[in-house]
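Accompanying notes for the structure given below.
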Amino acid sequence: LEHSRIYCFGPLGDDDCKIYLSSADLMTRNMDKRVEIAWPVLDEKLRDRILSYIDVSLSDTAKLRELLPNRRYTPLGFFAQ
């Protein structure tokens with residue numbers, strides 16, 4: 001896949017955080033015109049591994065930008081230390 005299909009519900013790292021893997025992203029064509037599935041990650045070892053992938057993804061600030069309420073994005077590098 002060209003990008004991950006990982007869905008987390010709840011605070012990351014929280015024991016109550018629900019993690020699902022899916023066959024599709026949340027685009028209209030996938031939700032309205034196809035049958036797609038998502039399944040929960042119940043195995044603790046696998047759950048921890050997926051959470052570590054998410055941590056790596058969220059720590060990458062190379063092209064990070066934030067969409068502001070005025071519909072503009074922060075400048076590239078705004079969050080880099």
Side-chain angles (χ1 to χ4, degrees):
L1 302 175
E2 70 278 5
H3 57 279
S4 62
R5 305 312 204 264
I6 301 171
Y7 299 98
C8 294
F9 301 95
L12 287 177
D14 190 326
D15 288 339
D16 293 332
C17 174
K18 307 291 186 222
I19 299 175
Y20 290 81
L21 302 181
S22 176
S23 62
D25 53 29
L26 295 176
M27 298 186 74
T28 303
R29 69 173 184 264
N30 295 332
M31 299 296 114
D32 292 344
K33 299 176 183 173
R34 300 179 184 176
V35 174
E36 302 289 354
I37 62 169
W39 56 95
V41 177
L42 303 176
D43 181 89
E44 283 299 314
K45 221 172 180 180
L46 182 56
R47 185 181 186 282
D48 291 342
R49 190 170 175 184
I50 292 170
L51 285 172
S52 73
Y53 293 156
I54 293 171
D55 285 341
V56 169
S57 295
L58 293 176
S59 68
D60 180 7
T61 59
K63 293 188 176 181
L64 176 66
R65 295 181 186 215
E66 179 182 14
L67 178 61
L68 301 172
N70 65 4
R71 297 173 57 186
R72 293 179 183 235
Y73 286 93
T74 57
L76 190 59
F78 181 82
F79 294 99
Q81 295 179 353

Looking only at heavy atoms, the pair that brings Ile19 and Arg47 closest together is CD1-CG, 3.6 Å
Here the pair of heavy atoms bringing Ser22 nearest to Ile37 is OG-O, 3.1 Å
According to a 4.5 Å side-chain heavy-atom criterion applied to Ile, Leu, Val, Met, Phe, Trp and Tyr, with indirect links allowed, do Trp39 and Ile6 form part of one hydrophobic cluster?
yes
CG (Asp43) with more than 12 external heavy atoms under 6.0 Å:
yes
If two hydrophobic side chains count as joined below 4.5 Å and joins carry through other members, does Ile54 share a cluster with Leu46?
yes
Euclidean distance, Cys8 SG relative to Ile50 CD1, rounded to 0.5 Å
8.0 Å
